[in-house]
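In what follows, a single structure is set out as structure tokens and then discussed.
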Amino acid sequence: MMRKIVLPARCDRAAAEALLPEFQAALGAGPLSIDASETRQIGQAMLQLLLSARRTGDGATINPSSALRDAARLTGLENALFEGNMV
Amino acid sequence: MSPEEIQGIFFLECEESLVAAEQGLAACKAGTQDSDTVNAIFRAVHSIKGGAGAFGFEALQAFTHTFETLLSDVRENLVPITPTLIDLLLRALDVLSDHVTAARDGGSPPEDASLIREMEGAMANAQGQHDAPGEPEPTAPTHAVTFDEDDLTSDLDLDDLLNDLAGGSPAGEDPSADGPAGDAPAPETGWKVHLRPHAGAMRNGGEPLLLLRELSALGAVACECDTTSIPALDDFDPHQGYLGWTYLVPQDVSEASVRDIFDFVGDDCPIAIGPDATIPPIQIEPSSTLPAPAPSAPKAVAPAPAPVAAPVQAPVAANPAPAPAAPAPAPEAAAGSAPPAAPAPGQSIRIDLVKLDKLIDTVGELVIAQAMLAQRLQNENVQSVEELTLLESLTRDIQESAMSIRAQPIGSVFSRVPRILRELSASTGKHVNLQVFGETTELDKTVIERLGEPLTHLIRNAVDHGIESPEDRLAKGKSAEGTLTLSAEHRSGRILIKIADDGAGINRARVFAKAVEKGIVAPDAVMSKEEIEQLIFAAGFSTAATITNVSGRGVGMDVVRQNVKDLGGRISIESEEDKGTTFILTLPLTLAISDGMIVKVGDQTLVVPLTHVVESLRPEPKDVQGLGASRQMLNVRGRFIPVVSVAEAVGAYDAVDNPSQGVLIVVDTESAGQAALLVDNIWDQRQFVIKSLDTHYRNVDGVAGATILGDGRVALILNVDTLVQGAVSAGFGLEAA
């Protein structure tokens, strides 16, 4: 029973704010699957949310877009975000 | 600064942005469609949107939002760049410009619904081709749409800029292909910068990742990201900054250039540089409600160990510990090894125009004071003082610098031309290529501001009446598209602006016939080519229904000439049948200072602007011939021109009335041809500062303004045009026609 959350194209702070309840609601329902394949822009708030999601409960796997990978590389968060990913 | 002033700056920036966007689109049209160009257009539109939101111009903001979204898709290669798209973007830019004007002047915003639909259509079309079919929501699959709108007012969407800088990788591209930070190995040597964006850095649309991108563009690589503060989801607050970073910066990058990046976020993103420095501590703001921007936030944690002037750090990786806080010997070494941060090119500041005018006014007074000093010394029989010469040359230098501050490149006028051509192209079906030369030529801001109208009219005229229809052009063996060439250059203290088309040229026979029909010239008048061409400037010789039936808009050519004349300029025509027509405007570089002859007429001292003077002479009695009771004509090398008594015109007493005892100044006028002004004698020729009579008294016919002479007396500056015109129409009407 994997909960899946799809991230929008623009993942700015407003997006993080809007998605936080959904992330919180998915807690305790097993590992979270985050589909970020459509994400074209990403900001620090969303990166933090993704990190938090990976640390909470059963964790989360992220299916990143190239833009997200790029942002992760920029911030040195590749391991923290994608390690153990099954992509 | 008051909100109004800030708003004023916003509109100034809008204008700059519009120009930038226009240039970007022109480059796109010309084939330069790289990401830099598209980004430049995007940034321009984006900055207008940001300000529009901040100042509550909703119509403007709504329109820029759609425009920006389309550009964003173009930037991300979601919408292909086609001629149709460029055309759409250009039209959107025109409407945007109208929006800005409406917002600034408080007018009603232009009708943009259809254009917005068109832009959305362009996005949807492209999305349809790009995305897998069946994707219902094209742009943002899930939640984006809803909060996007709410987001409009609160955030400035600087996030969009994320992709602008350095690492903008279009979706679907190989991630390893971009960015200096890509897969490149970490630099062997370098120095470390530690930073931590606080909540404030993310407020109001701020985006710390943007700063990191800039850092990465310098070649810096993230070597550590402190994620320890990230809470579990339950305690997560999207407004807080939980992350801190350590970046390894290449050795050859100066500390100043790194500090520059973080300068404007200030305390919101403290950075620390130095061997002992660490990532600044986290700073959680009182959450939930809108946090006040705590101005007195603990600054101590900021870059304490390294003052601003601190030298570039010694290589950290290669030389980890052995520098036990010994910053003393560093400066020289640093100076040798690290290049100082070069000042950014083209730095500029905004100056209130009032202040600038005040400066120029004062410089004007200085010029007068200097002239007064010279006069006084002369009266005291102290002449050829070396210091005075020095003062004079310095004064002139200051004057020139002050004037050059007011000077602006004429490009700001030329940049409006593409839009005029687009509109004309839509209404006349004539496509016109534009060539611009010398757009960096500078001239006074006042001249620039008042140049727009006549220039616009001349361009409309060139396209309406000059350039033929595509069919006619092909029939004549020309290319279907006409060419309009604008050029500007400095020539002997004046500026020369040429507006040239490669159209049909002026049909002199028809102009002459029209002038006869209008009763402007006699049917049997013998006129030279040039004289016939000048006829189109005659009042009442409206361009509408002259050569084609395309209606002129508003002003006629006589108004154009009047405008140019008011600027102290002249306009002339060169035209060749089927080769084209060139209008040449000669304008003074400034309106505030001019050269003139100081003349004595009876009890009056007057100034004749040098731009009008052709020659001056003391005539032999035989050169002047009477005509009728009181009129006199001067024989200048076989040509007779009317003698105008300045004394009569200005009501001076005890003036010379016999030309052979006075001096005749032959002047050139726009409206009445040449005339000879009779004055007692010429005193001097020098620069004078023009003081407007309008602002201090009222407009007086025949007087262009006043100036203060070296001895402190006020002298009137003659308006040669109206003076001669008045005198000639009173006494010489027949001869001058």
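None of these values were measured; they are calculated from a predicted model. Proteins get letters first, then strands, A, B, ... in listed order; numbering begins at 1 in each.
A/Gln24 approaches B/Leu233 most closely through the heavy-atom pair NE2-O, 2.8 Å. Taking all atoms of both residues into account, the shortest heavy-atom contact from B/Trp245 to A/Thr75 is NE1-O, 2.7 Å. Summarising the geometry of A/Gly43 relative to B/Glu207, their closest heavy-atom pair is CA-OE1, 3.2 Å, with the distance given to 0.1 Å.
If you take CG on A/Leu51 and OG on B/Ser229, they are separated by 11.5 Å, rounding to the nearest 0.5 Å. Note that CG of A/Asp70 and OG of B/Ser216 are 8.0 Å apart. Values are rounded to the nearest 0.5 Å. Atom CG in A/Leu49 sits 11.0 Å away from atom CG in B/Asp237 (nearest 0.5 Å). A distance of 12.0 Å separates CG of A/Asp12 from CG of B/Leu209, quoted to the nearest 0.5 Å.
Exactly one of A/Gln44, A/Gln48, A/Glu17 qualifies for a side chain to side chain contact (heavy atoms under 4.5 Å, CB included) with B/Pro238. That residue is A/Glu17.
The contact between A/Leu20 and chain B is made entirely by side chain atoms (from C-beta outward), counting heavy-atom distances below 4.5 Å. For a residue to count as touching a neighbouring chain, one of its non-hydrogen atoms must lie under 4.5 Å from one of that chain's; by this rule A/Leu77 touches chain B with the side chain only.
The residue among B/Pro231, B/Pro197, B/Cys223 with the most heavy atom pairs within less than 4.5 Å of chain A is B/Pro197. Interface remark: of the candidates B/Ile230, B/Asp234, B/Thr246, B/Ile230 forms the most heavy-atom pairs closer than 4.5 Å to chain A.
A donor and an acceptor atom, one from each side chain of A/Arg55 and B/Thr227, are located under 3.5 Å apart.
Under the 3.5 Å distance criterion, the side-chain polar atoms of A/Ser52 are left unmatched by any main-chain donor or acceptor of B/Phe236.
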